[in-house]
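Since the structure comes first, as structure tokens, the remarks are kept for the end.
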Amino acid sequence: MRPLPRLLLAALTFTLIGGLAVPAAGSDVASIDPDVETPALFDDEAGGNANGDDPAIWVHPSDSGASVVITTAKEGGLYVYDLRGRQLQHLPAPAAPGPDDEAGRFNNVDVTYGFGGRDLAIVSDRGRDTLRVYAVSGGHLTDVTDPAAPFVFNTTQQQVNDAETAYGLAAWKDSTGTYALVSRRHRTSVGLVKLLAKPGGTVGYQVVRTLDLPASFTLPNGRTWAPCLEPGEQAQVEGMVVDQDKDVLYAAQEDVGIWRVRADLTGTPVLVDKVREYGVPGTYDPATEECTPGADPGYGGRHLTADAEGLTIYYRDNGKGYLLASSQGDSTFAVYRREGTNPYLGQFRIGQHDGIDGVENSDGSTVLNAPLGDFDEGLFVSHDGLNTPAEADRENTNFKFTGWDDIADELDLDVDTDGWNPRG
């Protein structure tokens with residue numbers, strides 16, 4: 001996610017569809033009550049420069065109520081919470097390797113099970129261009145990263161300091177091994193990274209291949225369009241999820257839309273849905289670091305307002321289920337079918353309820369179909385980019401927990417705890 005003031009394109013609340021102005025997110029969007037929130041994180045020195053971003057759920061093997069939610073907080077590192085939102089553990093991001101180098105900055109996290117008999121949390125360290133790997137046992141995390149772990153996308157520390165580094169992340173496991181799909185900041189690249197067992201119980205990795213998504217697009221009117229960004233930047237990917245049964249990666253290119261491609265990064269990517277701002281020309285002003293949008297030619301989608309962000313899958317039995325996407329620009333979540341061509345099903349937002357504020361400007365999210373403690377029908381966890389009550393001059397974020405059954409009831413979706421089991 002980039003700072004919102006720079007994204008004037010995302011501030012557009014109408015798009016032209018068939019010559020008609022259609023509201024980006026009307027009052028008919030279902031509002032779901034959150035059940036739990038985590039403590040506030042503050043992105044300043046007093047708060048440890050903690051800025052929430054992405055959650056993952058680790059499922060306890062024998063006691064679902066002891067499962068935990070693992071979250072990234074950029075320079076603040078990792079925070080681990082129980083199902084009531086109480087902090088259990090904090091793991092700081094690594095220090096900078098040198099006085100002029102970037103410190104660790106944890107961006108995205110995902111969980112994989114049964115790597116050499118251990119469950120792992122895998123984290124993209126945007127500051128250091130590495131992956132950090134943590135063994136999870138009983139809900140407690142221990143760093144098992146190989147000390148010799150290489151850069152993911154760069155070859156020198158100076159290149160890392162230029163910040164085109166590991167960004168979004170999704171775990172994937174198949175018969176050939178355990179992998180992370182990792183995107184690159186300010187580029188369209190996605191890398192396939194294989195985890196490797198190393199001496200002393202540590203975990204390293206190697207990049208298998210990379211795929212570059214398009215940076216520009218030919219519109220139906222024959223013109224070439226690229227999202228308006230700072231000079232030298234491309235339309236990056238952050239939110240990603242792998243359909244573990246179908247070996248399919250979904251990747252959210254923030255200013256473009258959602259792509260579907262084979263998880264091994266072979267084959268041809270397919271654009272599942274576009275953001276509303278797709279095709280809108282923009283002029284970048286270096287003085288304000290903002291883009292001024294031009295006339296909308298009407299080629300955008302109807303369900304996502306840039307940035308397209310966190311992706312997650314609710315699994316049902318027999319290959320069915322739902323793909324959920326964070327529509328960050330209007331603080332809603334879009335729901336698509338998991339099967340077929342991923343047709344759109346509906347939209348919801350997480351509202352305020354019983355002293356818990358609603359979710360705004362959400363980055364990462366995750367959902368699980370398994371019963372987890374009091375969340376009998378599954379759990380949806382979402383980042384809140386504007387947590388309240390606000391404190392003056394302090395960026396305030398946290399995470400909200402919502403029962404899947406509440407979302408399903410409002411959108412007439414199914415509840416299926418017999419779907420995909422993360423432990424196989």
Side-chain angles (χ1 to χ4, degrees), residues 1 4 25-44 46-57 64-74 76 78-90 139 309-310 312 314 324 326-333 335 346-368 371-411 413 415:
M1 182 190 77
L4 291 178
S27 58
D28 58 339
V29 174
S31 182
I32 315 298
D33 294 340
D35 297 296
V36 170
E37 68 174 336
T38 61
L41 299 171
F42 294 102
D43 190 12
D44 56 20
N49 299 313
N51 187 342
D53 194 297
D54 189 50
I57 300 169
S64 72
S67 303
V68 298
V69 176
I70 305 164
T71 70
T72 59
K74 298 191 174 75
L78 286 181
Y79 286 81
V80 182
Y81 303 101
D82 67 14
L83 297 177
R84 295 184 180 181
R86 298 174 298 195
Q87 181 181 321
L88 300 176
Q89 190 178 8
H90 171 232
E309 287 283 352
T312 185
Y314 181 90
L324 282 67
S326 172
S327 173
Q328 188 181 67
D330 61 10
S331 298
T332 66
F333 298 89
V335 184
Q347 206 97 3
F348 69 93
R349 67 176 76 252
I350 303 298
Q352 58 181 352
H353 174 69
D354 197 23
I356 302 177
D357 64 303
V359 167
E360 297 179 83
N361 299 338
S362 183
D363 272 331
S365 60
T366 189
V367 69
L368 201 64
L372 296 170
D374 293 334
F375 298 97
D376 294 334
E377 309 293 348
L379 171 63
F380 176 72
V381 180
S382 49
H383 161 257
D384 180 10
L386 288 174
N387 182 49
T388 61
E391 293 192 19
D393 301 320
R394 305 190 76 191
E395 186 169 353
N396 182 351
T397 59
N398 73 346
F399 296 85
K400 306 299 200 273
F401 300 2
T402 305
W404 173 255
D405 52 333
D406 293 332
I407 297 171
D409 288 347
E410 283 289 341
L411 273 70
L413 304 175
V415 173

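Remark: of the listed residues D384, N387, D43, N51, N387 is the sole one forming a side chain to side chain donor-acceptor pair (under 3.5 Å) with N396. A ring-ring contact (aromatic ring centres under 6.0 Å, His included) with F380 is found for exactly one of Y314, F333, F401, namely F333.
Across every non-hydrogen atom of S362 and V359, the tightest pair is CB-CG1, 3.7 Å. Closest heavy-atom contact between H383 and D363: ND1-N, 2.9 Å. Scanning all heavy atoms of the two residues, the minimum distance from R394 to F42 falls at NH2-CB, 3.3 Å. Smallest separation of non-hydrogen atoms from E37 and D357: OE1-OD1, 3.3 Å. Between T397 and G52, the closest heavy-atom pair is OG1-N, 2.8 Å. The two residues G351 and P34 make their nearest non-hydrogen contact at O-CD, 2.9 Å.
The environment of Q352 atom CD is sparse: at most 12 non-hydrogen atoms of other residues, nucleotides or ligands sit within 6.0 angstrom. Annotation for R84: atom CZ does not count as buried by contact number, only 12 or fewer foreign heavy atoms lying within 6.0 Å. No more than 12 heavy atoms of other residues, nucleotides or ligands shown are found within 6.0 angstrom of CG on D374.
Taken from CG in D33 to CD1 in I407, the straight-line distance is 11.0 Å, to the nearest 0.5 Å. With values rounded to the nearest 0.5 angstrom, H90 atom NE2 is found 9.0 Å from T71 atom OG1. For the atom pair CG (L83) and CZ (F375), the distance works out to 6.5 Å, reported to the nearest 0.5 Å. Distance check, rounded to the nearest 0.5 Å: NZ of K400 to CD of E360 gives 9.0 Å. We find the NE2-OG1 distance between H353 and T402 to be 10.0 Å, quoted to the nearest 0.5 Å. If you take CD1 on I32 and CG on D405, they are separated by 10.0 Å, rounding to the nearest 0.5 Å.
Two residues are said to be in side-chain contact when any heavy atoms from C-beta on lie closer than 4.5 Å; F348 and L324 meet this criterion. In this structure, the side chains of L41 and Y79 come closer than 4.5 Å at one or more pairs of heavy atoms.
At least one donor-acceptor pair closer than 3.5 Å links the side chain of S64 to the backbone N or O of G373. Proximity of a side-chain donor or acceptor of T366 to a complementary backbone N or O of I57 within less than 3.5 Å is not detected. At distances below 3.5 Å, not a single donor-acceptor pair connects side-chain atoms of S326 with backbone N or O atoms of E309. Remark: the backbone N or O of D54 is paired with a side-chain donor or acceptor of T72 at under 3.5 angstrom. The closest donor-acceptor contact from the side chain of S331 to the backbone of N361 lies under 3.5 Å.
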- Could you give me the CA-CA distance, side-chain angles and deciding distance for V68 and I70, then say whether side-chain contact (heavy atoms from CB on, under 4.5 Å) is met? CA-CA 6 Å; V68 298; I70 305 164; 4.2 Å; yes

